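One structure below.
Bear in mind that the values here come from a model prediction, so they are computed numbers and not experimental data. Just so it is clear: chains get the letters A, B, ... in the order the sequence lines come, proteins before strands, and each one is counted from 1.
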Protein chains: 2
Amino acid sequence: MSREIDRRAARTRKALHQALLTLMLRKGYEALSVQDIIDEADVGRSTFYAHYTGKEDLLRSGFQMLREELKEAQSTARAGAKASHDDPLGFSTAMFEHAARYADHYRTMIGGRGGAVTENEIRLILSEMVRQDLSSSLHDDTIPRDFVVQFIVSAFLTALNWWFERKPKLSPSQVDAMFRSLVLDGLSPLMGDESRSSAD
Amino acid sequence: MSREIDRRAARTRKALHQALLTLMLRKGYEALSVQDIIDEADVGRSTFYAHYTGKEDLLRSGFQMLREELKEAQSTARAGAKASHDDPLGFSTAMFEHAARYADHYRTMIGGRGGAVTENEIRLILSEMVRQDLSSSLHDDTIPRDFVVQFIVSAFLTALNWWFERKPKLSPSQVDAMFRSLVLDGLSPLMGDESRSSAD
DNA sequence: TATGATAATGGACACCCTGTCCGGGATTTT
DNA sequence: AAAATCCCGGACAGGGTGTCCATTATCATA
């Protein structure tokens, strides 16, 4: 019995995913046509449609893998961390490190290159993580919880994007520190401590 | 003298902008074709291309108007505000009010409906505002300035989006308060105040 | 109001992309 | 080796894109 997928099929799928990745990095998702993809992957047109219903389907299928990949990265990281129960940003450290390891992949996803679908998928995945971290550490609902979640997710994506685009040499922990500082304590710590200038 | 633009041209342009707005709200920018636009605007195909090079051109031209619109809204607001020089988020109050007044316009721009172009344009406009506010109130560069700017812009867009999508009944000042709280002081104020458990 | 200037129209055009359908050829599995 | 499965290449209609042009409608002005 062939429970495993046919080698050829697996090969084709891999080629398509790889092509998508390459092309997204080069031109961005929206500007991509199925034609481009099968061209890059060197795969027949009908073959493509035998596997996926379109480029969005191909893209989405990639996120299934990412989801599991991340779920594991999170739990392995959580094993080594101690203060995870009081940390409303418990996900961040592992995520920044994961992003550093798979920089190319992340580069294709953030900064608009991934299009709306990618943006949504990522936000969903991250929202789930953040929601969990928050549930055990946030005890004040002055500000609605889903708003806080979105706030954190956006801040994280911003950090990621800024990191890759402007200071790719920084280490994950450095970016993580900035991210945590801003999200946990906001701008106040950065404002003039020497505010004794007794404004006019 | 014909310094003014021909009535017909103005009429056409207005119709196209209106059509774009309507359709973006209905289907989103990316899913839109030039065909749809000229169809909705009841304008000939060649006429469209006589004015714009494509749908992106049309979209961008709309932001020129928005830019000036906002520049004015800001300065009028700044006239009535007193503590603008110490406020790193001086732009926000006026912006939330402006957004409330032109809810339909904003709805087409945020939440992905506007596509990548819109996202970028908005971020550019907001970044400029934030940068100005920040220049006179931020005196600590522990965290790079452009990172802080992006952080604020993202937080603002998140607030805007959450507002429209989840709690449209809230007043601008209520959302503004939440936004400021999160950005200025971060999550700490929301965490267990009963944290006097003298963490071992 | 007459007239030259300018804009809008509708149709035609070649081009590209999309999905879908085959039959022949290649690879894998048994 | 045989049977099953997959891939290929070509063809297809349908739709969108930009561009052209000749014709018609509208405007600005003398």
Roughly how bent is the helix from C:dT1-D:dA30 to C:dT30-D:dA1 end to end, in steps of 10 degrees, with each end axis from five pairs?
->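 Terminal axis comparison yields 30°.
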For [N], does either OP1 or OP2 sit under 4.0 Å from a side-chain N or O belonging to [X]?
X	N	value
A:His51	D:dC7	yes
A:Arg11	D:dC6	no
A:Arg7	D:dT5	no

Nearest-nucleotide wise, let me know which of A:Gln35 and B:Arg13 is further upstream toward the 5' end of DNA chain C.
->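 With B:Arg13 and A:Gln35 compared, the 5'-side residue is B:Arg13.
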Consider the side chain of B:Thr47, meaning its heavy atoms from C-beta on, and name the nucleotide among D:dT5, D:dG16, C:dA8 that approaches it most closely.
->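 Closest nucleotide to the B:Thr47 side chain: C:dA8.
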Would you mind telling me which of D:dC8, C:dT18, D:dG16 lies closest to the side-chain atoms of A:Val43?
->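 My answer, after comparing the listed nucleotides, is D:dC8.
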Protein proximity profile, nucleotides 18-26 of chain D - base contact B, sugar-phosphate-only contact S, no contact -, cut-off 4.0 Å on heavy atoms = BBBB---BB
Can you find a heavy atom in the side chain of [X] that is under 4.5 Å from one in the side chain of [Y]?
X	Y	answer
B:Ile37	B:Lys55	yes
A:Thr47	A:Ile38	no
B:Leu89	B:Asp133	no
A:Pro144	B:Arg166	no
A:Gln18	A:Glu40	no

Can you check the [X] [atom1] to [N] [atom2] distance for me, whole Å?
X	N	atom1	atom2	answer
B:Asp6	C:dA8	CG	P	7 Å
A:Phe48	C:dT20	CZ	P	11 Å
A:Glu56	C:dG19	CD	P	11 Å
B:Lys14	C:dA8	NZ	C1'	18 Å
B:Leu16	C:dA8	CG	C1'	12 Å

Hey, quick one: are B:Leu25 and B:Phe63 part of the same hydrophobic cluster, counting side-chain heavy atoms closer than 4.5 Å, chains of contacts allowed?
->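 Looking at the clustering, B:Phe63 is in a separate group from B:Leu25.
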Between A:Arg101 and A:Glu97, is there a salt bridge with N-O shorter than 4.0 Å?
->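 No, no charged N to carboxylate O under 4.0 Å.
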Can we say B:Glu121 and B:Arg67 salt-bridge, meaning some charged N sits less than 4.0 Å from an Asp/Glu carboxylate O?
->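 A salt bridge is present here (some side-chain N lies under 4.0 Å from a carboxylate O).
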For A:Asp42, which contact category applies under a 4.0 Å heavy-atom criterion: base, sugar-phosphate, or nothing?
->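 Sugar-phosphate: the residue A:Asp42, judged by heavy atoms under 4.0 Å, touches backbone atoms but no base.
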Report yes or no: do A:Ser61 and A:Arg13 form a side-chain donor-acceptor pair below 3.5 Å?
->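 Absent: no donor and acceptor within the cut-off.
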